[in-house]
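Comments concern the structure below.
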Amino acid sequence: MTAQSFSRLPGFRDFPPEDLAFRAHIFEAWRTVARRYGFQEYDGPPLEALDLYVEKSGEEIVGQLYAFTDKGDREVALRPEMTPSLARILAERSRALPKPIRWFSIPQLFRYERQQRGRLREHFQWNVDIVGEEGVAADAEVLAVAIDGLRELGLGPEDFRARVSDRRLLSAILSSTGVEPAGMDDAFAAIDKIEREPRERVRARLAGAGVGESDADAVLTLFQDGGAEAAREAFGGREAVDSELARLEEYVAILGAMGLGAFVEVDLAIVRGLAYYTGIVFELFDRLGSLRAICGGGRYDRLLERVGGEALPAVGFGMGDVVLGELLRERGRAPGHARGVDDYLVVIGEAQRSVMLRVAHALRSSGRSVLYSLKDQSVRKQFKAAESEGAARVLVLGPDEAARGVLVARDMGTGLEEEIAITALEAG
RNA sequence: GUGGGCGUAGCUCAGCCGGUUAGAGCGCCUGACUGUGGCUCAGGAGGUCGGGGGUUCGAGUCCCCUCGCUCACCCCA
């Protein structure tokens, strides 16, 4: 049991160099795209007051918090998502910031739940938010960032798609069928389950939420394969529905104008589990549908004021590294781990070591990565080490070379050798 | 939280009906080989067979418990 007690905690990952390189590759794409869209990076503490999440994130998240009481008797939780922290941070300083605020972050998030494919107890999530702009152009901008993040990693419309909807449109449709505001959450929950539960069961749930008998079938059909046109056919002309529909269509049109139309489809069954969403919501899925959602987001116009800040509209998304990593590996988009140094210095005879160290340090000072054997080894051994370290070039310093003030430089790719003056190397 | 499958070397795995000292390939280390890497050859290290208990003359193998991994459910960052 001794050895076991030092193993990794379930649901947590180690990142040996190859895995860290893969993670860094993903982060780099995320940062590149976020900056391309003019977003600034921020971060916050991994531990927050428990209250920040209770009743603001939704039941599911609160039930799976990594929460405990700290030594100062504070109820705290490891952050399960970034948006509440963002809201808290902005509550303190948003008034002084020019709007709209474009911020992004790559926090490590935690949830206490049983792990399975694509779900661990810890993951890194790219969060991108626009705060202070209520227009649909901001919603489109945010989804464009998410799509471009995946494109930057080599994925195209054949690999993934964005399913978009709008809670305001859902509300308009549902209230036109008799659902009262009090029953709206139940109705959303029923629609959220439409792909996973039998039709009759969903129908019963909808009826329980207040959907009138005459509309039940139309609602079910619409949400099972419903796009914008189907919604207009079934519920167009009803007050409020038309204007909500027009906004969603404008949203899709903006993305089309950006050239991203191939990625986007309206799917009214997308609801999102989090309690704070108020408008357009979206999720990104792999085309084969074998993986979980890669990314989810939407508009949350009430959250900032609910944590005591300025009443600012906001829209954003979160994209986790776990499912995305699986998709990239599945599609052969994971880069090979290229290790290697620029130079490996070989000495023939320890008498040459001090000169070699001087050269090595000069090369390192000039920015090159340099390795050499830390102990006396045969030339063969040193070459083998150079090989396994992935050195691009080997510099050989033996008694002959030292006497003449030169080094033999061997290109490890071509095997070609030439002499270089030590003074030339030291000059950089 | 519920149910199924799987745990043998760092990795991938073999191990017959329960039978002597648990194996292979790859990787790692050493040597052949202190003036040149990839190849070859020889040798070596590395295992409480996930852990505990039980049955048995005898358990990697059978039984029970437990831990871990994994898939599905619940749910979904």
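Owing to the predicted nature of the structure, the values given are computational and were not obtained by experimental measurement. Note on naming: letters A, B, ... go to the chains in the order of the sequence lines (proteins, then strands), and numbering restarts at 1 for each one.
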What distance, rounded to whole Å, do you find between the two [atom1] atoms, one in [N] and one in [M]?
| N | M | atom1 | answer |
| --- | --- | --- | --- |
| B/rA24 | B/rA9 | C1' | 11 Å |
| B/rU8 | B/rG25 | C1' | 15 Å |
| B/rC69 | B/rG23 | C1' | 24 Å |
| B/rG54 | B/rU61 | C1' | 15 Å |
| B/rA45 | B/rC28 | C1' | 9 Å |
| B/rC13 | B/rC74 | P | 30 Å |
| B/rG52 | B/rC67 | P | 15 Å |
| B/rU40 | B/rA59 | C1' | 42 Å |

Side-chain N or O of [X] closer than 4.0 Å to phosphate OP1/OP2 of [N]:
| X | N | result |
| --- | --- | --- |
| A/Gln115 | B/rC69 | yes |
| A/Lys193 | B/rC74 | no |
| A/Lys381 | B/rU36 | no |

Which part of the nucleic acid does [X] contact within heavy-atom distance under 4.0 Å: base, sugar-phosphate only, or nothing?
| X | answer |
| --- | --- |
| A/Leu120 | base |
| A/Asp192 | sugar-phosphate |
| A/Gly415 | base |

[N]: pairing nucleotide in any strand, Watson-Crick or G-U under 3.5 angstrom:
| N | value |
| --- | --- |
| B/rC69 | B/rG5 |
| B/rG38 | none |
| B/rG44 | B/rC28 |
| B/rC16 | none |
| B/rC49 | none |
| B/rA22 | none |

Quick check: any donor-acceptor pair below 3.5 Å linking the side-chain of [X] to the base of [N]?
| X | N | value |
| --- | --- | --- |
| A/Glu401 | B/rG35 | yes |
| A/Arg111 | B/rC76 | no |
| A/Arg114 | B/rG1 | no |
| A/Glu417 | B/rU36 | yes |

Separation of [X] atom [atom1] from [N] atom [atom2], in whole Å?
| X | N | atom1 | atom2 | answer |
| --- | --- | --- | --- | --- |
| A/Glu326 | B/rC76 | CD | C1' | 14 Å |
| A/Asp400 | B/rU36 | CG | P | 13 Å |
| A/Leu9 | B/rC67 | CG | P | 14 Å |
| A/Tyr53 | B/rC76 | OH | C1' | 17 Å |
| A/Gln377 | B/rG37 | CD | P | 14 Å |
| A/Ile294 | B/rC76 | CD1 | C1' | 15 Å |
| A/Arg201 | B/rC74 | CZ | P | 10 Å |
| A/Glu18 | B/rC11 | CD | P | 13 Å |

Under 4.0 Å between a side-chain nitrogen and a carboxylate oxygen: does that hold for [X] and [Y]?
| X | Y | result |
| --- | --- | --- |
| A/Asp14 | A/Arg23 | no |
| A/Arg404 | A/Glu401 | no |
| A/Lys381 | A/Asp376 | no |

Side chain of [X]: nearest nucleotide among [options]?
| X | options | result |
| --- | --- | --- |
| A/Val379 | B/rC74, B/rG38, B/rU36 | B/rU36 |
| A/Lys375 | B/rU70, B/rU36, B/rU30 | B/rU30 |
| A/Pro10 | B/rG35, B/rC74, B/rG68 | B/rG68 |

| message | Please compare A/Glu122 and A/Gly11 by the position of their nearest nucleotide in RNA chain B and report the one closer to 5'. | response | A/Gly11
| query | Closest nucleotide of RNA chain B for A/Glu350 versus for A/Val322: which of these residues is on the 5' side? | reply | A/Glu350
| field | Polar contact flag, side-chain donor to acceptor under 3.5 angstrom, A/Tyr277-A/Asp166 | value | no
| message | Check whether A/Tyr66 forms a cation-pi arrangement with A/Arg111 (NZ or CZ under 6.0 Å from the six-membered ring centre, at most 45° off the ring normal). | response | no
| With no hydrogens and no angle check, is any side-chain donor or acceptor of A/Asp411 less than 3.5 Å from a backbone partner on A/Thr414? | yes
| message | Given 3.5 Å as the limit, does a donor-acceptor pair link the side chain of A/Ser105 with the main chain of A/Tyr42, or not? | response | yes
| request: Mind running side-chain hydrogen bond (donor to acceptor under 3.5 Å, both in side chains) on A/Glu48 and A/Ser85 for me, showing each step along the way? | output: CA-CA 8 Å; A/Glu48 291 272 14; A/Ser85 294; 2.7 Å; yes
